Amino acid sequence: MLWYHYVFGGVLIVASIVITVVVLMQEGRSQNLSGAITGGANAVDNNRSKGRTIEGKLERLTKWLIGLFFVIVLAAFLVFLFV
């Protein structure tokens, strides 16, 4: 095995651990279902300020990390394919 096999493998392992931790830090979607049962009068206010909350930032971070993970996997595949 060449050195970049180890580099790509290590980066992918670290990235997958970070993604797992960020996803586990988020609240579950089932907590929001109680508002649907009781009427959820402040649902509009929750959606409007969602981007500024920690939950919104974690969701945005998760999307960026998954996109980065995909790019790293694609790069690793192309490097292994053509080298």
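If you're wondering where the values come from, they're calculated on a predicted model, not measured in any experiment.
Note on Trp64: it does not cluster hydrophobically with Ile66, by side-chain heavy-atom contacts below 4.5 Å among ILVMFWY residues.
Environment of CZ in Phe77: sparse, with no more than 12 heavy atoms of neighbouring residues, nucleotides or ligands closer than 6.0 Å.
Classification of the Phe8-Phe80 ring pair by plane angle, with boundaries at 30° and 60°, yields perpendicular.
In this structure, Val71 stands alone, with no Ile, Leu, Val, Met, Phe, Trp or Tyr side-chain heavy atom under 4.5 Å from its own, directly or through other members.
Atoms CE and CD, on Met25 and Glu55 in that order, are 9.5 Å from each other to the nearest 0.5 Å. The CG atom of Leu78 lies 4.5 Å from the CG atom of Leu74; values are rounded to the nearest 0.5 Å. Put simply, CD1 on Ile19 and OG1 on Thr62 are 8.0 Å apart, with the number rounded to the nearest 0.5 Å. Atom CD of Glu59 sits about 7.5 Å away from atom OG1 of Thr53, to the nearest 0.5 Å.
Heavy-atom minimum distance, Gln26 versus Leu58: NE2-O, 3.3 Å. Here the shortest heavy-atom pairing between Phe69 and Ala15 reads CD1-CB, 3.8 Å.
For Leu61, the side chain to side chain contact (heavy atoms under 4.5 Å, CB included) test picks out Val22, Leu65, with sequence neighbours left out.
Residue pairs that meet the side chain to side chain donor-acceptor pair (under 3.5 Å) test with at least one member in residues 5-16, sequence neighbours left out, do not exist here.
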